[in-house]
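What follows is one structure encoded as structure tokens, with my remarks underneath.
None of the values given here were measured: they were computed from a predicted structure.
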Amino acid sequence: MTLASGDSPSDGRPGRNGIEVVAFDGDDTLWHSESHFVDAHEQFVALVAPYVDGDPSVIDERVVATERANLAIYGYGAKAFTLSLIESAIELTAGRITTREISTILELGKRLLGEPVELLDGVDEVVTRLADDGHRLIVVTKGDLFHQESKVAGSGLADRFDRIEIVSEKDVDTYRRVMAMAGVAPENFLMIGNSIRSDVLPVVELGGHAAHLPYVYTWELERVPDADAERMGFHELASIRQVPDLVKRLS
């Protein structure tokens with residue numbers, strides 16, 4: 001869903017007009033997200049551990065495998081996560097999980113959906129500065145449509161972005177469409193995000209600029225082999241406060 005208001009990274013050369021559009025990922029780039037999922041996962045592990053004999057790491061492995069298998073069906077977000085937890089619980093307990101315990105898992109999911117939006121340090125300052133400097137700003141985020149809309153609304157940042165792109169997947173085709181809708185060439189586009197897989201590699205493949213801004217946690221399904229990352233040229237940031245200087249250097 002789209003809501004609108006109004007040099008390649010490998011060689012370091014700026015585009016003809018510099019950076020015209022700065023795009024940001026939402027979850028774990030603008031606001032906290034994965035930390036809430038980590039907390040919910042830990043509570044899930046404690047819930048089903050009494051049913052599991054031997055190495056408790058099988059719980060983590062089962063959840064990741066189930067999420068991976070369900071991506072094409074449920075997509076991303078808290079609702080997909082909750083359904084995968086319920087399925088994992090049934091499999092891990094050989095069907096012995098109780099209705100009360102399934103209700104507990106459902107409550108974990110509801111709490112995820114109800115978490116207040118907490119901006120990461122420096123986000124408000126940087127987004128405001130870039131907007132005041134005349135840059136067009138876009139949010140490109142994936143996940144459940146309703147939940148992502150509520151996060152954008154709760155962030156207090158919506159009026160500073162020209163476009164809000166809520167997508168089902170972040171791949172080359174998605175970014176190509178985003179750039180076309182924004183009327184910007186790849187060399188004049190900069191994407192900022194915490195996921196190398198979703199926020200960096202597809203943009204670099206298109207000839208755009210991308211900056212990796214790590215978060216304290218990385219979801220297992222967003223990890224990429226180091227060798228894949230090393231082959232692609234992109235920028236590494238330690239803080240979102242470095243974004244304005246990066247934009248200046250590229251322009």
Looking at Leu213, is its backbone amide N or carbonyl O close enough to the side chain of Asn194 to form a donor-acceptor pair, meaning the two atoms are under 3.5 Å apart? no

Exam field: side chain Arg136 to backbone Ala182, donor-acceptor pair closer than 3.5 Å: yes

Using a strict cut-off of less than 4.0 Å between a Lys/Arg side-chain nitrogen and an Asp/Glu carboxylate oxygen, indicate whether Asp27 and Lys142 qualify as a salt bridge. no

What do the steps show when you test Arg111 against Asp39 for salt bridge (Lys or Arg N to Asp or Glu O under 4.0 Å), and what is the final call? CA-CA 11 Å; Arg111 285 205 294 272; Asp39 289 343; over 6 Å; no

Do Tyr215 and Ser33 pass the side chain to side chain donor-acceptor pair (under 3.5 Å) test, and can you show the C-alpha distance, the side-chain angles, and the key distance before you say yes or no? CA-CA 10 Å; Tyr215 186 66; Ser33 177; over 6 Å; no

List the steps, then state whether side chain to side chain donor-acceptor pair (under 3.5 Å) holds for Thr66 with Glu87. CA-CA 8 Å; Thr66 303; Glu87 182 178 338; 4.9 Å; no

Sequence neighbours excluded, the answer for salt bridge (charged side-chain N to carboxylate O under 4.0 Å, His left out) partners of Glu236 is none

I'd like to know if the side chain of Asp28 reaches the main chain of Glu34, judged simply by a donor and an acceptor atom lying under 3.5 Å from each other, with no hydrogens or angles considered. yes

CZ/Phe146: more than 12 non-hydrogen atoms of other groups inside 6.0 Å: no

Carefully, step by step, assess Ile192 and Asp199 under the rule side chain to side chain contact (heavy atoms under 4.5 Å, CB included). CA-CA 7 Å; Ile192 313 293; Asp199 303 317; over 6 Å; no

Carboxylate-amine/guanidinium contact Asp173 Arg176, below 4.0 Å: yes

Among Leu119, Val117, Val152, exactly one meets side-chain contact (heavy atoms from CB on, under 4.5 Å) together with Leu157. Which residue is that? Leu119

Sequence neighbours left out, what passes salt bridge (charged side-chain N to carboxylate O under 4.0 Å, His left out) with Asp124? Give chain and number order. Arg160

Can you check whether His147 reaches Lys151 side chain to side chain, under 4.5 Å on heavy atoms? yes

Heavy-atom count check: over 12 atoms from other residues, nucleotides or ligands less than 6.0 Å from Asp55 CG? yes

With Leu85, which of Ile105, Leu47, Ile102 fulfils side-chain contact (heavy atoms from CB on, under 4.5 Å)? Ile105

State yes or no: do Tyr74 and Leu108 share one hydrophobic cluster built from I, L, V, M, F, W and Y residues joined by side-chain heavy-atom distances below 4.5 Å, directly or via other members? no

